[in-house]
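Letters go in sequence order (proteins before strands), and every chain restarts at 1.
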There are 2 protein chains.
Amino acid sequence: MMKGREVILGILRNKPQTGYEINDVLKNQISYFYDGTYGMIYPTLKKLEQEGKVVKQTIIQADKPNKNVFSITAAGKKELQTYLNSDAVAEVFKSDFLMKLFFGDNLSRSQIINLMEKEIQLKTAQINHLQSSLQQWEQEGITDSQKITVGYGLAHYTAVVDYLNQQLAAFKQ
Amino acid sequence: MMKGREVILGILRNKPQTGYEINDVLKNQISYFYDGTYGMIYPTLKKLEQEGKVVKQTIIQADKPNKNVFSITAAGKKELQTYLNSDAVAEVFKSDFLMKLFFGDNLSRSQIINLMEKEIQLKTAQINHLQSSLQQWEQEGITDSQKITVGYGLAHYTAVVDYLNQQLAAFKQ
DNA sequence: ACGCTCATGTAACTCGTTACATGATTAA
DNA sequence: TTAATCATGTAACGAGTTACATGAGCGT
């Protein structure tokens, strides 16, 4: 399974960026299949720099905090490519919602309904997020493969929302 | 997000079981939304025992290795219930496949096709696994909520397999 | 002979999380 | 005056992974 370092190398593959900007990409562009935090980003960039996989350039700014822009090196590109060429391993999926449903023998009827309704809300919000992101990327440029990843996310989320709505209706009767 | 200890307490909630049997449940019944290994199971059982959340009973067997059967205690049930009553947090989803598709600008056409075909195979196998498990559980007894979790998994997998087949066909043209 | 099922565990390690720590500018 | 945006980092901790270690019985 991919690690933070590979994700960061992937994000830097075409364009030098700061840790702050990397966080933005994580949150807005690939949050569907990966999530990371600053506590991972900065230490990983430091390590990649020490290994010569990325190089840092400090930019002094007057009205904003200074920033460190990282670019991928040839060694970094090589590591990324090696990862990209390796076999994809099975996804990781952990669901608190399903866990609660599965083990919640003695949850009340209303608790189960509440659980399902909240899950539907969460997923609906994620669908909206993906859809609005897609519109933005289409303007900025997105590859066909990248479009497939977004479509994959939408297919997944809409399927489970439809399923849950249907089950919820049946459950309420 | 749920942790191994909560999953184990959930598995033991109705029936005392050994670490070996817990592993079986993880692999066959809830692998869709959780995965764990012996390296997590045994240390966690040990810790839960020290905390008085489970109790161990050793059973001497003649023709097989001895086994340690763990039962949940009142304290364990309380912890499980507290977890079950807490708000469900967003699922964790990490996909090596989507990562490779997203960052694979310079993968060849055939590599992309290969990636998608393997993903379809993997997911199809998981659909078959879920379906055959469902049949078995229906004989052994499964609650309505548990049936919903399996249906959720099937809805998810079939949606993405359909989507990928469709995209693959378009991509190949 | 070979591999599967049953059965339990530890030690080292890795990766990432959470919380902490700082601080200026700008828009509402 | 309050929150958001821009911007970077560390330290302690937690949870789980991987690899190792052992071994009998049963079916083909």
Side-chain angles (χ1 to χ4, degrees), chain A residues 1-9 16-28 30-31 33-51 53-54 56-70 79 83 89-94 96 99, chain B residues 1-9 16-28 30-31 33-51 53-54 56-70 79 83 89-94 96 99:
Chain A
M1 181 57 51
M2 80 275 207
K3 289 161 208 143
R5 54 185 294 127
E6 290 150 347
V7 176
I8 288 179
L9 290 172
Q17 277 164 97
T18 65
Y20 189 80
E21 287 165 335
I22 289 171
N23 181 61
D24 241 52
V25 174
L26 293 183
K27 294 279 154 8
N28 299 315
I30 63 172
S31 66
F33 60 84
Y34 186 79
D35 87 291
T37 57
Y38 285 126
M40 166 253 154
I41 296 168
Y42 290 113
T44 302
L45 281 169
K46 198 179 180 182
K47 212 174 178 195
L48 286 171
E49 197 197 356
Q50 283 162 358
E51 294 174 16
K53 305 290 171 72
V54 302
K56 176 169 75 177
Q57 197 199 348
T58 301
I59 300 196
I60 312 293
Q61 299 188 120
D63 50 341
K64 292 179 198 168
N66 294 342
K67 60 182 180 182
N68 300 323
V69 180
F70 293 88
E79 175 174 341
Y83 161 72
V89 303
E91 73 197 19
V92 168
F93 180 74
K94 285 198 187 195
D96 213 32
M99 161 97 181
Chain B
M1 180 57 53
M2 80 275 205
K3 287 162 209 142
R5 54 185 296 127
E6 289 149 349
V7 175
I8 288 179
L9 290 172
Q17 276 163 100
T18 65
Y20 189 81
E21 287 165 335
I22 289 171
N23 182 62
D24 240 51
V25 174
L26 293 184
K27 294 281 158 357
N28 300 316
I30 63 173
S31 67
F33 60 84
Y34 186 79
D35 86 293
T37 57
Y38 285 128
M40 165 255 152
I41 296 168
Y42 290 113
T44 303
L45 281 170
K46 196 178 179 182
K47 211 174 178 194
L48 286 170
E49 196 196 356
Q50 282 162 358
E51 294 173 17
K53 305 290 171 70
V54 302
K56 177 168 75 176
Q57 197 199 347
T58 300
I59 300 196
I60 312 293
Q61 299 187 121
D63 50 343
K64 292 180 200 171
N66 294 341
K67 59 183 180 181
N68 299 321
V69 180
F70 293 88
E79 175 174 340
Y83 160 74
V89 303
E91 71 198 19
V92 167
F93 180 74
K94 287 201 184 192
D96 214 31
M99 162 97 182

Between B:Y83 and A:D96, does a side-chain contact (heavy atoms from CB on, under 4.5 Å) hold up when you go through it step by step?
-> CA-CA 10 Å; B:Y83 160 74; A:D96 213 32; 2.5 Å; yes

Nearest whole angstrom, please: distance from the C1' of C:dA7 to the CG of B:L26.
-> 16 Å

Classify the nucleic acid contact of A:F70 as base, sugar-phosphate or nothing, counting any heavy atom under 4.0 Å across all strands shown.
-> nothing

Is there a side-chain contact between B:Y34 and A:M99 (heavy atoms, below 4.5 Å)?
-> no

Just to confirm, is there a sub-4.0 Å distance from OP1 or OP2 of C:dG9 to any side-chain nitrogen or oxygen of B:N68?
-> yes

Could you label the plane-to-plane angle of the A:Y20 and A:Y38 rings as parallel, tilted or perpendicular, counting under 30° as parallel and over 60° as perpendicular?
-> parallel

Contact class for B:T18 vs. all strands (heavy atom < 4.0 Å): base, sugar-phosphate, or nothing?
-> sugar-phosphate

Taken to the nearest 0.5 Å, the spacing of A:K47 NZ from A:K53 NZ works out to 10.0 Å

Would you mind reporting whether A:E21 and A:V69 have side-chain heavy atoms less than 4.5 Å apart?
-> no

NZ of B:K56 to OG1 of B:T58, rounded to nearest 0.5 Å, is 5.0 Å

Side chain to side chain, A:D24 and A:Q17, heavy atoms closer than 4.5 Å | no

Check whether any side-chain heavy atom of A:V54 lies under 4.5 Å from a side-chain heavy atom of A:L9, and answer yes or no.
-> yes

Rounding to the nearest 10°, end axes of the helix from C:dA1-D:dT28 to C:dA28-D:dT1 built from five pairs each make an angle of 50°

Between atom CE in B:M1 and atom C1' in D:dA15, what is the gap in whole Å?
-> 14 Å

Separation of C:dC6 P from B:D24 CG (nearest whole Å) = 7 Å

Rounded to the Å, how far apart are A:M2 CE and C:dC15 C1'?
-> 14 Å

Answer yes or no: does a side-chain N or O of A:Q61 lie under 4.0 Å from OP1 or OP2 of D:dC6?
-> no

Check whether any side-chain heavy atom of B:N68 sits under 4.5 Å from a side-chain heavy atom of B:L45, and report yes or no.
-> no

Looking at C:dT10, C:dG16, C:dA7, which one has an atom nearest to any side-chain atom of B:Y20?
-> C:dA7

Atom CD of B:E6 to atom C1' of D:dA15: distance rounded to whole Å?
-> 12 Å

What is the distance, rounded to the nearest whole Å, between atom CG of A:N23 and atom C1' of C:dT17?
-> 14 Å

Would you mind reading off the distance between B:K67 atom NZ and C:dG9 atom P, rounded to a whole angstrom?
-> 13 Å

Could you tell me whether the phosphate oxygens of C:dG16, OP1 or OP2, come under 4.0 Å of any side-chain nitrogen or oxygen in A:Y34?
-> yes

Considering only nitrogen or oxygen atoms on both sides, find all protein atoms under 3.5 Å from nucleotides 17-26 of chain D and state each distance.
residue: D:dT17; atom: OP2; partner: B:T37; partner atom: OG1; Å: 3.1

What is the distance, rounded to the nearest whole Å, between atom CD1 of B:I41 and atom P of C:dG9?
-> 12 Å

Would you say the side chains of B:Y42 and B:N23 form a donor-acceptor pair under 3.5 Å?
-> no

Does A:K46 have a side-chain nitrogen or oxygen under 4.0 Å from the phosphate oxygens OP1 or OP2 of D:dT10?
-> yes

